[in-house]
Amino acid sequence: MDYDSRRIEEKWQAYWAANGTFKVKEDENKPKYYVLDMFPYPSGAGLHVGHPLGYIASDIYSRYKRLKGFNVLHPMGYDAFGLPAEQYAIQTGQHPEKTTSDNIARYRSQLDRIGFSYDWDREVRTCDPAFFKWTQWAFLKMFDSWYDKAADKARPISELVGLLATEGYDDITPEAWNAADDKTKSDILMRYRIAYQGETSVNWCEGLGTVLANDEVKDGLSVRGGFPVEQKKMTQWQLRVSAYAGRLLDSLDSLEWSDSLKEMQRNWIGRSEGTEVVFNTECEGKTIPVTIFTTRVDTIFGVTFMVLAPESELVGSLTSDAQKAEVEDYLNYVKKKTERERISETKSVTGVFSGSYALNPLTGEKVPVWISEYVLAGYGTGAIMAVPAHDSRDYAFARKFGLPVVPIIEGCDVSEESFDAKEGRMCNSGFLNGMDVKQAIEAAKDYVEAHGLGHRKTNYRLRDAIFSRQRYWGEPFPICYKDGVATPLPESELPLLLPAIDSYKPTGEAPLARAKNWSWNGYPIETSTMPGFAGSSAYYLRYMDPHNEAELVSRRANDYWQDVDLYIGGTEHATGHLIYSRFWNKFLYDLGYVCKDEPFRKLVNQGMIQGRSSFVYRIVGTNTFVSAGLRNNYDTTEIHVDINIVRNDRLDLDAFKAWRPEFADAEFILEDGEYICGWAVEKMSKSMFNVVNPDDICNTYGADTLRLYEMFLGPLEQSKPWDTKGIDGVNRFLKKFWRLFYDKDNWLVTDEKATPAELKELHKLICKEQEDIESFSYNTTISAFMIAVNELSALKCNKREILEPLVILLSPFAPHVAEELWHLLGHDDSVTYARFPDYVAEYAAEDKVIYPVQFNGKMRFTVDLPKTTSPADVEATVRAMEQTSKYVEDKQIVKVIVVPGRIVNIVVK
RNA sequence: GCCCGAGUGGCGGAAUGGUAGACGCGAUGGACUCAAAAUCCAUUGUCCCUUAAAGACGUGCCGGUUCGAUCCCGGCCUCGGGCACCA
């Protein structure tokens with residue numbers, strides 16, 4: 001019997017499905033292990049060979065953990081709400097639900113062919129009402145909570161109401177609160193809710209007709225669709241993520257994530273420790289205090305002007321009558337700019353004088369107040385003190401508008417550029433003179449606080465998440481408006497389903513506004529929907545208890561599964577999903593709904609699989625194509641060619657002629673009778689004809705080969721191009737493995753006792769595989785497997801004692817062929833429930849042992865010798881070398897190379 | 001501009017201070033075969049050379065530490081990723 005991947009794979013996939021092999025439930029007798037993939041957005045293009053990379057890695061790990069005796073939760077689902085399905089609906093008029101479920105069906109059939117060990121009974125879809133009920137529920141909880149800074153956690157809003165009525169909170173006295181009417185009370189509470197409605201500067205995308213979160217915008221364009229984005233002030237639902245900034249930052253340390261990913265999150269959260277200082281500002285005879293934020297309060301003696309953000313609320317009151325017209329012109333100019341223009345013009349300096357002057361609180365000096373877009377309204381206080389001598393942006397501004405530059409570091413040269421001093425000795429700085437910079441920073445902070453001029457302050461760059469989208473295909477908000485007051489729907493009304501609408505086309509208003517009777521008890525319902533990240537923020541919790549209709553997750557299920565032990569997915573979610581999810585989880589933790597503060601304990605980022613495009617070279621103005629090696633002799637154009645008609649860089653000429661009508665009468669200039677194509681590594685995409693479909697690989701080689709090959713390609717976390725060339729190697733390995741069991745139609749396995757040499761091969765492999773899988777070095781495990789199989793083939797080892805453990809070892813990587821052989825070995829149960837073999841240290845140990853030796857009485861070396869060699873033998877060998885070596889007399893010996901049993905070389909200088 | 005990561009044969013990649021290039025692909029030669037496929041065996045970093053032996057060179061570049069560096073340290077170059085007026 002030959003190895004027949006298709007027969008085996010169909011057979012065992014059907015078996016696993018029929019027997020519920022991968023179903024799991026809570027089992028107190030076994031330790032749990034939760035392995036999660038970032039669930040896919042089911043796009044219309046289907047899966048290409050890059051998508052399953054992470055899924056294969058996590059599946060191998062899941063299967064390995066099961067063999068190690070863990071109760072493994074390994075689920076899969078779909079992130080199914082979102083813009084592309086809606087854009088498609090706009091073009092075709094189809095309901096997004098239809099396209100989404102079609103796409104899901106296609107994804108599922110592609111996934112099924114690869115032989116994943118998912119418990120499909122736990123599948124979730126974010127667009128399923130039974131699922132998004134809990135997304136809406138979480139939103140209501142956030143609406144109904146506030147962040148207590150003293151306790152540093154979220155608490156029910158009722159507790160804040162109690163506090164306001166008795167003691168007051170912030171600047172609100174109990175008298176004021178108790179005297180307030182309902183509308184005022186509602187407005188006050190809205191300032192504290194975790195999910196709140198507020199006016200903010202948002203990324204407005206005209207092309208998509210919706211606002212976008214910061215991580216959905218890149219270089220001033222929308223990530224989905226690439227439409228320009230502008231800044232606009234709008235009232236939107238927001239999540240108070242910023243309240244969690246400190247905790248999100250601090251608990252990063254406890255996570256087993258890659259350093260680069262943690263660093264990305266740290267940068268995104270952007271903690272900076274500085275000082276808020278109040279500058280009194282005079283305008284038209286009035287004195288108005290302006291608070292600024294700076295990390296370098298020590299440079300305050302170098303302040304020569306102040307700058308406000310154009311959007312700052314103080315701009316109006318600080319503009320003098322004389323400057324009014326000019327300021328208004330400038331504000332209009334800034335408003336008109338799109339985000340993209342603002343980014344691309346960061347080099348150009350713009351601004352306008354407000355007409356007012358501020359008093360430096362330390363020197364009493366009068367400095368002008370300017371307005372410029374280089375100061376951002378959303379960060380710090382939207383106002384800065386400018387120290388042109390020591391800040392490059394302030395410097396550029398001062399040079400442009402002829403403002404003075406006062407250096408405060410001894411000996412620095414600021415004639416050409418600013419001196420961004422992190423060290424040096426202070427001068428021109430009153431009591432700070434003579435101190436070095438580090439000292440001065442602390443001294444200045446102390447001084448400012450001691451004199452009541454300001455206080456230390458920690459700022460974060462992380463903004464609150466804008467939570468509403470003016471789109472259709474998302475979760476509706478369970479909020480209605482009673483006399484303009486946002487009021488939550490009762491939990492019993494959840495899930496609040498999407499209404500039917502006639503057309504998905506954007507008209508400038510939210511699509512839900514066009515729905516008939518979009519109201520609850522006569523009150524109009526919110527017409528925005530939630531963004532894509534809403535549904536993906538807590539899906540890992542739902543997998544623990546996916547059919548629970550009463551709770552997001554039961555206490556019992558949550559206590560058992562706890563958190564995700566291993567999360568595998570791409571880096572592209574570093575500042576989106578992975579921040580929101582952590583926030584969402586911490587919120588639920590604060591309210592006692594989940595037992596873990598952090599959702600994802602260990603996280604591995606798989607690299608991207610790029611495409612390998614092939615090219616042909618057409619001689620300009622002809623229909624003649626030159627082979628790659630000869631193309632420099634001609635003037636040619638490079639043309640992408642479908643990689644399906646190229647094999648090992650050789651073009652199939654007939655297939656090429658048939659590929660496109662315009663190539664039907666193509667002529668070729670060959671080298672050695674063949675047409676060699678050029679190639680390049682590019683993103684895998686349809687337009688470059690370099691997409692490889694996993695279905696095709698499964699048809700030709702089988703899923704086991706695909707799985708092995710994807711892992712063999714290189715380190716998991718590294719990006720690498722897909723090149724089908726090498727796949728024959730792992731396919732051969734599987735065939736060779738098969739031949740240890742079968743020779744033609746003869747079953748070879750015997751019950752003979754294994755020899756030490758055979759045991760050694762086996763145990764070396766067990767040891768290696770265990771080490772490698774724990775560190776995700778799957779590629780080297782497969783190499784070790786190939787070596788072991790080659791050796792065992794050479795030894796003609798067909799012994800059950802060796803082969804049975806070998807099948808278990810192979811099963812995480814190539815589960816179908818392992819399952820087949822496992823049953824052929826006489827087992828009735830799935831190999832899934834086998835036990836990972838233990839290795840015997842003595843067999844698995846290295847052959848070599850390293851001894852340090854003196855050579856010629858002068859130098860110390862270490863030599864590698866067989867384990868069986870005694871130190872005395874080593875000494876004797878080296879002494880013998882001293883006697884016999886021709887180099888010892890007059891030359892310096894640098895290196896003695898000894899391989900087990902043999903002196904190979906003596907290196908001399 | 002700032003912060004990460006990487007640079008090794010024709011190609012994907014091994015090697016965490018000790019025989020650089022494991023394993024695989026590709027290539028060349030051979031066995032089996034009428035032939036092909038499949039399979040098996042051998043060779044395969046570069047230079048010198050008819051070949052071999054022997055030797056020299058060799059992990060982006062320059063320097064350092066060490067008996068010994070792909071690996072550790074300092075400086076540069078190139079590529080990839082992230083952030084980008086964050087005061």
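Chain A is the first sequence line, chain B the second, and so forth, proteins listed ahead of strands; every chain is numbered from 1.
- For the pair A/F293/A/Y379, a side-chain contact is recorded, criterion being any heavy-atom separation below 4.5 Å from C-beta on.
- The distance between atom NZ of A/K735 and atom C1' of B/U39, rounded to the nearest whole Å, is 10 Å.
- One can place NZ of A/K768 at 10 Å from P of B/A14, the figure rounded to the nearest angstrom.
- When each of B/A87, B/C40, B/C85 is scored by its nearest atom to the side-chain atoms of A/E373, the top-ranked nucleotide is B/C85.
- In this structure the side chain of A/Y460 never reaches within 4.5 angstrom of the side chain of A/S272, judged on heavy atoms.
- Contacts of A/R271 with the nucleic acid, taken as non-hydrogen atoms under 4.0 Å apart, are absent.
- The aromatic rings of A/Y330 and A/Y333 lie tilted to each other, with the angle between the two planes from 30° to 60°.
- Rounded to an integer number of Å, the gap from CG of A/N605 to C1' of B/G80 is 15 Å.
- Within 6.0 Å of atom CG in A/D253, more than 12 heavy atoms from other residues, nucleotides or ligands are found, so the atom counts as buried in its surroundings.
- Using a 4.0 Å cut-off between a side-chain N of Lys or Arg and a carboxylate O of Asp or Glu, A/K768 and A/E771 do not qualify as a salt bridge.
- Counting only Watson-Crick or G-U wobble pairs whose defining distances are both under 3.5 Å, the stems of 3 or more consecutive pairs in RNA chain B are B:1-7 with B:77-83, B:10-12 with B:23-25, B:26-31 with B:39-44, B:45-47 with B:55-57, B:60-64 with B:72-76.
- Residue-environment remark: CG (A/N746) exceeds the threshold of 12 foreign heavy atoms within 6.0 Å.
- Of the candidates A/W370, A/F305, A/Y395, A/F401 forms a ring-ring contact (aromatic ring centres under 6.0 Å, His included) with just one, namely A/W370.
- In this structure B/G29 sits in the anti conformation; its chi angle is more than 90° from 0.
- Between A/Y374 and A/I384, the closest side-chain pair of non-hydrogen atoms falls below 4.5 Å.
- One P atom belongs to B/C76, the other to B/U19, and the distance between them is 32 Å to the nearest Å.
- Proximity of A/R461 to the phosphate of B/C83: no side-chain N or O atom is located under 4.0 Å from OP1 or OP2.
- Between the C1' atom of B/G1 and the CZ atom of A/F419 lies a distance of 17 Å, rounded to the nearest Å.
- Within 4.0 Å of A/P715, counting heavy atoms only, lie sugar-phosphate atoms of the nucleic acid but no base atom.
- Rounded to an integer number of Å, the gap from CG of A/D2 to P of B/U39 is 10 Å.
- The pair A/E761-A/K764 counts as a salt bridge, with a side-chain nitrogen and a carboxylate oxygen less than 4.0 angstrom apart.
- More than 12 heavy atoms of other residues, nucleotides or ligands shown are found within 6.0 angstrom of CD on A/E774.
- Inspection of the A/D652 and A/Y675 side chains reveals no N or O donor paired with an N or O acceptor under 3.5 Å.
- A/I384 comes within 4.0 angstrom of a base, heavy atoms only.
- As rounded to whole Å, 13 Å separates atom C1' of B/A15 from atom CG of A/D772.
- The distance between atom CD of A/E771 and atom C1' of B/U16, rounded to the nearest whole Å, is 13 Å.
- Side-chain contact between A/R582 and A/Q265 is present, with heavy atoms from C-beta onward closer than 4.5 Å.
- For the OP1/OP2 pair of B/A87 and a distance below 4.0 Å, the side-chain nitrogens and oxygens of A/Y374 include no atom meeting the criterion.
- Atoms NZ (A/K720) and C1' (B/G7) sit 17 Å apart, rounded to a whole Å.
- Contacts between residues 258-269 of chain A and RNA chain B, defined by a heavy-atom separation under 4.0 Å, are made by A/S260, A/E263, A/M264.
- Ionic pairing of A/R456 and A/E442 is present here: one or more N-O contacts between side-chain nitrogen and carboxylate oxygen are shorter than 4.0 angstrom.
- If A/D723 and A/D391 are placed on RNA chain B by their nearest nucleotide, the residue sitting closer to the 5' end is A/D723.
- Between A/Q718 and the phosphate of B/G13, there is a side-chain N or O to OP1/OP2 separation shorter than 4.0 Å.
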In B/S/- notation (B base, S sugar-phosphate only, - none; protein heavy atoms under 4.0 Å), nucleotides 22-32 of chain B written 5' to 3' is BBSSS------
